[in-house]
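To start, the structure under review is shown below, and the notes come after it.
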Amino acid sequence: MTHIRRFLRIIWTIARFRLDEVARSAVPESRLIRLSPFVLLGRPKRSPAERLRLAIEDLGPIFVKFGQILSTRRDLLPTDYADELARLQDRVPPFPAETAIARIEASIGSPIGEVFATFDEVPIASASLAQVHAATLADSAEVVVKVLRPGIESIIEKDLELLYAIAALLERFSRDARRLRLKAVVADYERTVFDELNLLLEAANTATLRRNFADSPLLYAPRVHWEHCREDVFVVERVEGVPIADVAELRARGTDMRKLAARGVETFFTQVFEHNFFHADMHPGNIFIDVSDPANPSYIAVDCAVIGRLTEQDQAYLAKNLVAFFHQDYARVARLHVESGWVPPGTDVSAFEAVIRQLCEPIFERPLKEISFGNFLVALFRAARRFDMEVQPQLVLLQKTLLNIEGLGRQLYPDLDLWATAKPYMERWIEARYGPLAALRRLGDRLPDLLDELPRLPDLLLGAEARFKDLDRLAAQQRELIAEATEALGTRRRHNRWRRIAGLILALAGLVLLWKPLLAGDGFAAPAVGVAALVIGALFVTRN
């Protein structure tokens, strides 16, 4: 019954905010959406993008978190929707201090008075998944204690089931929804949100970031107090600094803003290319500035729940793409996209190069300091979508982080020239990693292995023909199995399609039967037939 009540709540939210109009603008070919009974409510005054944001806020913290993540997919969303969803904030009231203390004591296994010398019952922050309290340890060390919301895991699991069902339904009936890969977006969200629910993972990320920058003047990550950390409790050093968004205070302290902005760019590229471990949630609330030496300011990073990494291949191709962009070598950019697998192998490289040239030439006519590198990447992904480019999650995290870094840098120092700052860094990295000396170094490293394998070379060459024949036979068998599986899957899909269509019709019929009581202000006190039709229809639609 919990699933049914939640489904009915979603239907009611769709009606209140006229999200059928949002869906109609996104998937105009759907007849079921055009026949929606919600048209009886009249045309709303707010924009579709604003109504989508308000509906997500109304549905609660898990949908808010999903909307925040969805807002980063500017390669998929229209600009107005991405901008509106980016406004989503965690407007979640704190849960009672006694509940937080009980969970901390249960996890740590000791009374809170034995662990902390002081514990502030008034939280300093409250978000969708957790809240944070200030405390001091027995040795007087100042810390913050992050504790998960009670019952949040089961709430997320239930809401994820509904998100998958909604995404699957939209993809089944809409070509545009399939292009947007809504189920893949939900899957990305599922991985991200469950990572955030494991506070031991956040502790490990924080410790790794701290170790990576241990001897660097660029960034500081707080110390983790491992002895008090659990999956649902995270205790970390409390850091003092000026919030990065407080530009007035930074200027009042005499901070070298140009150096601070340049160091932000250097910090980003160091994380991505030197460490291959980058903080992927660098919004203003997670970044502070150490201005104890205003002439040499440094960054302080907190909340390391979301971390990005690139495969070695993606890292190499991304670096080569950036250098090719800096040199306006569009043909190489097109080839690299195909070689990396970011666009399908059969892509017309010449046509892709023409699109990239058309996109880039107007940009390079402007002064470099006026060019937004992050927005340029968004435009590139959108252009590449015409060639069936599927943006990988790690690249989306990278794009989101770069947008944040560039936005913060320009806020600190409006004349920031990210391109000029990044170009020499990337060229040095490419030379060090792929230049002649690097090739000789790799050859030297592998020479013992090559010498060990040398005696086997004649046998390998003689047996190659037989192995190729075996591979041909296996490929033929796999093609037959795939054909059989495809036929069986098609039969099952046809069956599920008609079952869900019937369920949707039943649910819409139930809404029509309930419509007069709803408009009269009687809530869901409607005829039994309407309720039964809604429940049965919901079961048909959401059942796997």
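Just the heavy atoms: all of them, side chains too, but no hydrogens, waters or symmetry mates, feed the values below. The first residue in the sequence is number 1, and the count goes up from there.
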Requested in this report: Under the salt bridge (Lys or Arg N to Asp or Glu O under 4.0 Å) rule, collect the residues that match up with Arg223, sequence neighbours excluded.
Outcome: none

Result block: side-chain N/O donor-acceptor pairs under 3.5 angstrom for residues 116-125, not counting sequence neighbours:
unit_1, atom_1, unit_2, atom_2, d
Thr118, OG1, Thr136, N, 3.4
Thr118, OG1, Thr136, OG1, 2.5
Asp120, OD1, Val122, N, 3.0

**Report entry** Distance, nearest 0.5 Å, that separates CG of Asn198 from CD of Glu196
**Finding:** 11.0 Å

Report summary line: Residue pairs passing the salt bridge (Lys or Arg N to Asp or Glu O under 4.0 Å) test with at least one member in residues 94-103, sequence neighbours excluded, are Arg103-Glu153, Arg103-Asp232

Query raised in the report: Who passes side-chain contact (heavy atoms from CB on, under 4.5 Å) against Thr99, sequence neighbours left out?
Result: Phe95, Pro96, Pro150

Query raised in the report: Among all residues two or more places apart in sequence or in another chain, which pass the side-chain hydrogen bond (donor to acceptor under 3.5 Å, both in side chains) test with Asn205?
Result: none

Query raised in the report: Have Glu312 and Tyr317 got a donor and an acceptor in their side chains that come within less than 3.5 Å?
Result: no

Report summary line: side-chain hydrogen bond (donor to acceptor under 3.5 Å, both in side chains) pairs touching residues 262-280, sequence neighbours excluded, are none

Query raised in the report: Quick one: side-chain contact (heavy atoms from CB on, under 4.5 Å) partners of Val272, sequence neighbours excluded?
Result: Phe268, Phe278, Leu310, Leu398

Query raised in the report: Residues in salt bridge (Lys or Arg N to Asp or Glu O under 4.0 Å) with Glu353, at least two apart?
Result: Arg357

Report task. Would you please name every residue forming a salt bridge (Lys or Arg N to Asp or Glu O under 4.0 Å) with Glu249, sequence neighbours left out? Result -> Arg253

**Report entry** Exceeds 12 heavy-atom contacts within 6.0 angstrom, atom CG of Asp215
**Finding:** no

Query raised in the report: In chain order, what residues pass the side-chain contact (heavy atoms from CB on, under 4.5 Å) check against Ala55, with sequence neighbours excluded?
Result: Thr13, Phe17, Leu19

Query - side-chain contact (heavy atoms from CB on, under 4.5 Å) partners of Phe288, counting only residues at least two apart - result: Pro243, Ile300, Val302

Report summary line: So side-chain hydrogen bond (donor to acceptor under 3.5 Å, both in side chains) across residues 238-247, not counting sequence neighbours, yields none

